[in-house]
Trainee: 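Would you mind keeping the following structure in view while I ask a few things?
Keep in mind it's a predicted model, so treat the numbers as computed, not measured.
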Amino acid sequence: MIGIHISSNLEWASVLALCGNPECATSPYGEYFNYQFPFWKDEALIYFSGYSKTKAAGAVQYMICRFELSQVIVAGSCGGVAVDLSVMEVVIGSETLIYDCIDRLVFETELFPKEFRTQLDLKWLEGKPLPEKTRVGRIATADQDIDFTVRELLRPEHIEVADWESGAVALVCQLNKVPLAVFRGVSDLPVEGLSQEEQSQQYLDNTPLLMKRIFELYLPLVGA
């Protein structure tokens, strides 16, 4: 069974609407339900974790153990980092990196500690045509939304986008030897002079559209 990991309240509300507002069961982390996609033979398990690395890591470990997931997919929105990105692009993760783990008991610190870097196997993607406005690249994770300052910090490191959960989910999946695919759609782009309210409105406006795009165009790529 493939598990689909959803993190934010707005992403979850969007998914429920896309799937016809199904009846949900409840885990310690939030709601979940089974759903039959027309492009997969078996039912999927779609579950909600809540935002943050802690909740995301706990939820994916719980679902792997309880339902013996054969694969996990992270589907959600993100903030854009790369200079040539535009909203509504979707990034397929090739590597996840966590940038808010700071060890101050050493002489030099790395922005991305090696212990929290995870390479994602993309063999499943070979030979498959990708939808327009798609790229493959590195995703940075921390328990914070990015602003212009953080975007400028991450951009020289060849990061495409940033989120709150993918790095934690990727590490847990790697430790459990469960394959992972990450689809993150760019909901907002922090630029100099953009207010927090304006960036938040980008997120609110674009996230439902991105979840629909990911479910319709990107989930069929997995296992197809």
Trainee: I'd like to know if the side chain of Glu89 and the backbone of Ser86 have a donor-acceptor N/O pair within less than 3.5 Å.
Mentor: yes
Trainee: Kindly say whether the aromatic ring centers of Phe37 and Phe215 come within a distance under 6.0 Å.
Mentor: yes
Trainee: Is there a chain of hydrophobic side chains (I, L, V, M, F, W, Y, each step under 4.5 Å between heavy atoms) that links Leu10 to Met88?
Mentor: no
Trainee: Search all heavy atoms of Leu189 against all heavy atoms of Val87 and return the closest pair with its distance.
Mentor: CD1-N, 3.8 Å
Trainee: Is it the case that Gln61 and Asn176 place a side-chain donor and acceptor less than 3.5 Å from each other?
Mentor: yes
Trainee: Within a radius of less than 6.0 Å around CD of Gln36, do more than 12 heavy atoms belonging to other residues, nucleotides or ligands occur?
Mentor: yes
Trainee: In the structure I gave you, are the side-chain heavy atoms of Lys133 and Val90 within less than 4.5 Å of one another anywhere?
Mentor: no
Trainee: Shared ILVMFWY cluster between Trp12 and Ile2, side chains joined below 4.5 angstrom?
Mentor: yes
Trainee: Any side-chain heavy atom of Leu219 within less than 4.5 Å of one from Ile73?
Mentor: yes
Trainee: Please determine whether residues Leu154 and Phe116 belong to a single hydrophobic cluster, defined as Ile, Leu, Val, Met, Phe, Trp and Tyr linked transitively by side-chain heavy-atom distances below 4.5 Å.
Mentor: no
Trainee: Using the rule given for side chain to side chain donor-acceptor pair (under 3.5 Å), can you reason through Tyr218 versus Thr134, listing the C-alpha separation, both sets of side-chain angles and the distance that settles it, and then say yes or no?
Mentor: CA-CA 10 Å; Tyr218 293 87; Thr134 304; 2.4 Å; yes
Trainee: Answer yes or no: is there a donor N or O on one side and an acceptor on the other, between the side chain of Asp147 and the main chain of Pro190, under 3.5 Å?
Mentor: no
Trainee: Quick one: do Thr141 and Trp164 satisfy side-chain contact (heavy atoms from CB on, under 4.5 Å)? Show the steps, please.
Mentor: CA-CA 5 Å; Thr141 292; Trp164 288 65; 5.5 Å; no
Trainee: If the plane angle is over 60° it's perpendicular, under 30° parallel, otherwise tilted; pick one for Trp124 and Phe183.
Mentor: perpendicular
Trainee: CD1 of Ile159 to CG of Leu85: how many Å apart, nearest 0.5 Å?
Mentor: 11.5 Å
Trainee: Would you say Val74 and Ile4 make side-chain contact, with heavy atoms under 4.5 Å?
Mentor: no
Trainee: Can you hop from Ile146 to Val191 via hydrophobic side chains spaced under 4.5 Å?
Mentor: no
Trainee: For residues Glu198 and Ser195, is any side-chain donor paired with an opposing acceptor at under 3.5 Å?
Mentor: yes
Trainee: Run Glu95 and Gln119 through side chain to side chain donor-acceptor pair (under 3.5 Å) and show every step you take.
Mentor: CA-CA 4 Å; Glu95 182 183 16; Gln119 294 285 340; 3.2 Å; yes
Trainee: Does the side chain of Glu152 come within less than 4.5 Å of Glu192's, by heavy atoms?
Mentor: no
Trainee: Do the side chains of Arg151 and Asp188 get close enough for a salt bridge, i.e. N-O under 4.0 angstrom?
Mentor: no
Trainee: Run the side-chain contact (heavy atoms from CB on, under 4.5 Å) test on Arg138 and Leu97 for me, step by step, so that the C-alpha distance in whole Å, both residues' side-chain angles and the decisive distance to 0.1 Å come before the verdict.
Mentor: CA-CA 7 Å; Arg138 307 170 95 196; Leu97 309 99; 3.2 Å; yes
Trainee: Decide salt bridge (Lys or Arg N to Asp or Glu O under 4.0 Å) for Arg135 and Asp84; before the verdict, give the C-alpha distance in whole Å, the side-chain angles of both, and the deciding distance to 0.1 Å.
Mentor: CA-CA 11 Å; Arg135 65 177 69 192; Asp84 56 343; 3.0 Å; yes
Trainee: From Arg213 CZ over to Asn206 CG, what is the distance, rounded to the nearest 0.5 angstrom?
Mentor: 11.5 Å
Trainee: To the nearest 0.5 Å, what is the distance between CD1 (Ile64) and CD (Glu68)?
Mentor: 11.5 Å
Trainee: Check whether any side-chain heavy atom of Val169 sits under 4.5 Å from a side-chain heavy atom of Val72, and report yes or no.
Mentor: yes
Trainee: From Glu216 CD over to Met211 CE, what is the distance, rounded to the nearest 0.5 angstrom?
Mentor: 12.0 Å
Trainee: May I ask you to test the Cys78-Ile139 pair for a side-chain heavy-atom distance under 4.5 Å?
Mentor: no
Trainee: Is there a continuous path of hydrophobic side-chain contacts, each under 4.5 Å between heavy atoms, that joins Val60 to Leu175?
Mentor: no
Trainee: When you measure from the side chain of Thr207 to the backbone of Leu204, do you find a donor-acceptor pair of N or O atoms at a distance under 3.5 Å?
Mentor: no
Trainee: Just verifying a value: how many Å separate Ser49 OG and Lys55 NZ, rounded to the nearest 0.5 Å?
Mentor: 8.0 Å
Trainee: Can you tell me if Glu165 uses its side chain to pair, donor with acceptor, with the backbone of Gly76 under 3.5 Å?
Mentor: no
Trainee: Could you pull out the closest heavy-atom pair between Asp143 and Ser52, with the gap in Å?
Mentor: OD1-CA, 3.3 Å
Trainee: Look up atom NZ in Lys128 and atom CG in Leu122, then write down how far apart they are to the nearest 0.5 Å.
Mentor: 11.0 Å
Trainee: Are Leu130 and Leu221 side-chain neighbours, meaning at least one heavy-atom pair lies under 4.5 Å?
Mentor: yes
Trainee: What do the steps show when you test Tyr62 against Phe67 for ring-ring contact (aromatic ring centres under 6.0 Å, His included), and what is the final call?
Mentor: CA-CA 8 Å; Tyr62 178 89; Phe67 296 101; 7.3 Å; no
Trainee: Could you go through the side-chain contact (heavy atoms from CB on, under 4.5 Å) check for Asp163 and Ser166 one step at a time?
Mentor: CA-CA 7 Å; Asp163 68 8; Ser166 294; 2.4 Å; yes
Trainee: Any donor and acceptor pair, going by atom type alone, linking the side chain of Ser187 with main-chain N or O of Tyr203 inside 3.5 Å?
Mentor: no
Trainee: What are the two closest non-hydrogen atoms of Gly93 and Leu120, and how far apart are they?
Mentor: O-CD1, 3.3 Å
Trainee: For Ala75 and Ile6, work out which heavy atoms get closest and say how close.
Mentor: O-CD1, 3.5 Å
Trainee: Is a side-chain N or O of Lys212 found less than 3.5 angstrom from the main chain of Pro208, in a donor-acceptor match?
Mentor: no
Trainee: Would you check if the side chain of Trp40 reaches a backbone N or O of Val222 as a donor-acceptor pair within less than 3.5 Å?
Mentor: yes
Trainee: What orientation do Phe33 and Tyr35 show, parallel under 30°, tilted 30 to 60°, or perpendicular over 60°?
Mentor: perpendicular
Trainee: Would you call Glu160 and Arg155 a salt bridge, using N to O less than 4.0 angstrom?
Mentor: no
Trainee: For the side chain to side chain donor-acceptor pair (under 3.5 Å) test, which of Glu11, Gln202, Arg184 pairs with Ser77?
Mentor: Glu11
Trainee: How close do Ser70 and Pro179 get, counting heavy atoms only, and between which atoms?
Mentor: O-CD, 3.2 Å
Trainee: Please report the shortest heavy-atom distance between Leu153 and Pro156, naming the atom on each side.
Mentor: O-CD, 3.4 Å
Trainee: Under a 3.5 Å distance rule, please check whether Arg117 uses its side chain to pair with a backbone N or O of Ile98 as donor and acceptor.
Mentor: no
